[in-house]
Trainee: 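Here it is, the structure in full.
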Amino acid sequence: MKLNEMKLTNPYLNLPEECHTRVKPTPLKRTYLIHANEDVAKMLDIDSDELKTDAFVEFINGALALEGSDPFAMCYAGHQFGHFVPRLGDGRAINIGTVKNLHLQLKGAGQTHYSRSGDGRAVLRSSIREYLMSEAMYGLGIETTRALALIGSEQQVIREDWEKGAIALRVSPSWIRFGTFEYFAHKKKYKELEALADYAIAESYPHLADESNKYLHFFTEVVGKTARLMAEWQAVGFNHGVMNTDNMSIAGLTIDYGPYAFLDDYDFQYICNHTDQHGRYSFGNQPGIGEWNLRALMQALSPLVNIEKMEKVLGHYGRLYTERYLYLMGQKLGLDKLQDGDLEFFKHLLGMLQGLTVDYTLFFRTLSHYDGERRALLKLGLYHQPMNDWLDSYDKRLEENSSGTRERQEKMLKTNPKYVLKNYILQEAIDAADKGDFTMVDGLFQIAQDPYAEHEAFERWAGATPDAFKNKKLSCSS
Ligand code: AMP
Ligand code: MG
């Protein structure tokens, strides 16, 4: 379809007035296309030729409104670092309409009713990070929002320094956050709360619409989805960095990519966010914070659902998380079936990786080639003995497998990515992009979509992170 044939709807605007505020985007000046995502274009039924046009850049810039578009910002609250903030909202995201059940949102297209003292902009650096990482998570098979395109601009935006502004058009089946419910619960606006719950059910859990007790079932689904997402993050070694309840998706998606990181050397205590002094959102804390956030959601839903019943549901979170995590770790290690004692076996592995300061991604990729020859694995750690001890138990554990070595290796190579977009790699792409060279953004995008393939041209990004860049913290500014 051509852009000018597209028709957008705005289902969120049917919710009560309190939920949103209409706002027009403020386009950036001197814009240019950095990247367009053909895969997402296909999902939206946009012709690939359209992606090369000036009109497309204007569309991403918020300067070209498609038929039916009625732009608005969403209102929400949230617990930020454990403290309740009664009103946040889309301060720099503008929703421009829905097509094929995907909601389009411009991030960085100017101020809204909820911008507070912010400028409503997003800088090139953080926009490249979000654009590439949402695609990388998709490539890894982890639930996430995605993006249709990224444009840059010569217009400067002030952060610690002057930086270039950019806009990404993000798409998601849902933009509702735990904090969206907290907003109405806090204001004691229970009619709006109920309308929002019905909307979220229709949007993300339509099979529940006619259930009696649908709100309890809804909470049950969100608990399950969140437990699952946390297990996926832990297994792949992803640290989100800002797990405030306003950054938690009611649909169980990874949203709002900020100072995130993939682990370099395995470190359970790793904190990617520079402003997170006490490590509330450290890598190891994520599953527990997922539960803390669900508790905040539970409180918000309590005017609609019996809280004791929700408590019971939440009581299953730990089990759901652990089951999924064990399953994923079993897959990473190429085990046919889980057994009693596997949790201890996995803990032994993680302790060994932490003690030897081994690159998490590289370890599993190297193990995926393991056929009894240990040299490549022993080279990864500082000492040999702990790795040898663990490999002895792995050899024993593999004897319980019914599949042979070849079959196991093939499966593991499809489970353990060769490439994850570590921060030092992204930084190199950002530095080049800042000088107008987007070839690395293009390259990383290819890797992001297929992280299990070999991509010989990009081999240098498959190794352990260079010492100078390992396990660093990132600034939250974006
Ligand atoms: P985040 O940490 O990016 O999830 O943002 C937290 C809150 O601050 C959200 O309500 C954002 O919309 C808002 N915000 C962040 N950056 C800006 C900005 N540059 N201008 C306006 N609002 C912003
Ligand atoms: Mg956010």
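Just so you know, ligand 1 is whichever comes first in the structure, and atom 1 is the first atom listed for that ligand. Because the structure is predicted, anything quoted here is derived from the model rather than measured.
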Trainee: Kindly confirm or rule out a cation-pi arrangement of R129 over Y260, judged by NZ or CZ under 6.0 Å from the six-membered ring centre and within 45° of its axis?
Mentor: yes
Trainee: When you compare ligand 1 with D90, is there at least one nitrogen or oxygen pair between them that comes in under 3.5 angstrom?
Mentor: no
Trainee: For atom 2 (O) of ligand 1, which candidate among D256, I255, N247, I158 holds the nearest heavy atom?
Mentor: N247
Trainee: Closer than 4.0 Å to some heavy atom of R159 - which atoms of ligand 1 meet that?
Mentor: 19 (N)
Trainee: Pull out every atom of ligand 1 sitting under 4.0 Å from any heavy atom of R116, numbered as shown with elements.
Mentor: 7 (C), 8 (O), 10 (O), 13 (C)
Trainee: Check whether any N or O atom of G120, backbone or side chain, sits under 3.5 Å from an N or O atom of ligand 1, and answer yes or no.
Mentor: yes
Trainee: Within the stated cut-off of 2.8 Å, is an N/O/S atom of D256 closer than that to the Mg ion (ligand 2)?
Mentor: yes
Trainee: Please determine if R280 forms a cation-pi arrangement with W292, meaning its NZ or CZ atom is less than 6.0 Å from the six-membered ring centre and no more than 45° off the ring axis.
Mentor: yes
Trainee: Tell me which protein heavy atom sits closest to atom 9 (C) of ligand 1, plus the residue, atom name and distance to 0.1 Å.
Mentor: G89 O, 3.7 Å
Trainee: Within 45 degrees of the axis of the six-membered ring of F184 and under 6.0 Å from its centre: does K189 put its NZ or CZ there?
Mentor: no
Trainee: What's the shortest distance from atom 14 (N) of ligand 1 to any protein heavy atom, and which residue and atom give it?
Mentor: R92 NE, 4.2 Å
Trainee: Evaluate Q80 for polar contact with ligand 1, using N/O atom pairs at a separation under 3.5 Å.
Mentor: no
Trainee: Tell me the protein heavy atom at minimum distance from atom 19 (N) of ligand 1, and give that distance in Å.
Mentor: D119 OD1, 2.9 Å
Trainee: Hey, does Y114 come in under 3.5 Å of ligand 1, counting only N/O atoms on both sides?
Mentor: no
Trainee: In the protein, which heavy atom is nearest to atom 5 (O) of ligand 1, and how far is it?
Mentor: D246 OD2, 4.9 Å
Trainee: I need the single residue from E163, R159, E160 that forms a side chain to side chain donor-acceptor pair (under 3.5 Å) with S477. Which is it?
Mentor: E160
Trainee: Tell me if a side-chain donor or acceptor on D256 pairs with a main-chain N or O of N247 at a distance below 3.5 Å.
Mentor: no
Trainee: Are any of the N or O atoms of G91 closer than 3.5 Å to those of ligand 1?
Mentor: yes
Trainee: Are a donor atom and an acceptor atom from the side chains of D431 and Q427 found within less than 3.5 Å of each other?
Mentor: yes
Trainee: For S115, counting its heavy atoms only, list the atoms of ligand 1 lying under 4.0 Å from any of them.
Mentor: 21 (C), 22 (N)
Trainee: Just checking: N244, one of its N/O/S atoms, less than 2.8 Å away from the Mg ion (ligand 2), yes or no?
Mentor: no
Trainee: Which ligand 1 atoms are under 4.0 Å away from a heavy-atom of L88?
Mentor: 10 (O)
Trainee: For a side-chain contact (heavy atoms from CB on, under 4.5 Å) with I94, tell me which candidate from I167, L104, V23 qualifies.
Mentor: V23
Trainee: Ignoring hydrogens and geometry, is there a side-chain-to-backbone donor-acceptor pair from D276 to G279 under 3.5 Å?
Mentor: yes
Trainee: If a pair satisfies ring pair (Phe, Tyr, Trp, His ring centres under 6.0 Å) and one of its residues is in residues 156-182, list it, with sequence neighbours excluded.
Mentor: F181-F218
Trainee: Answer yes if a protein heavy atom lies under 4.0 Å from atom 16 (N) of ligand 1, otherwise answer no.
Mentor: yes
Trainee: With sequence neighbours excluded, tell me which residues meet side chain to side chain contact (heavy atoms under 4.5 Å, CB included) with Q155.
Mentor: L28, K29, R121, S153
Trainee: Would you kindly check if the NZ (Lys) or CZ (Arg) of R146 is within the cone defined by 45 degrees around the ring axis of Y138 and under 6.0 Å from the six-membered ring centre?
Mentor: yes
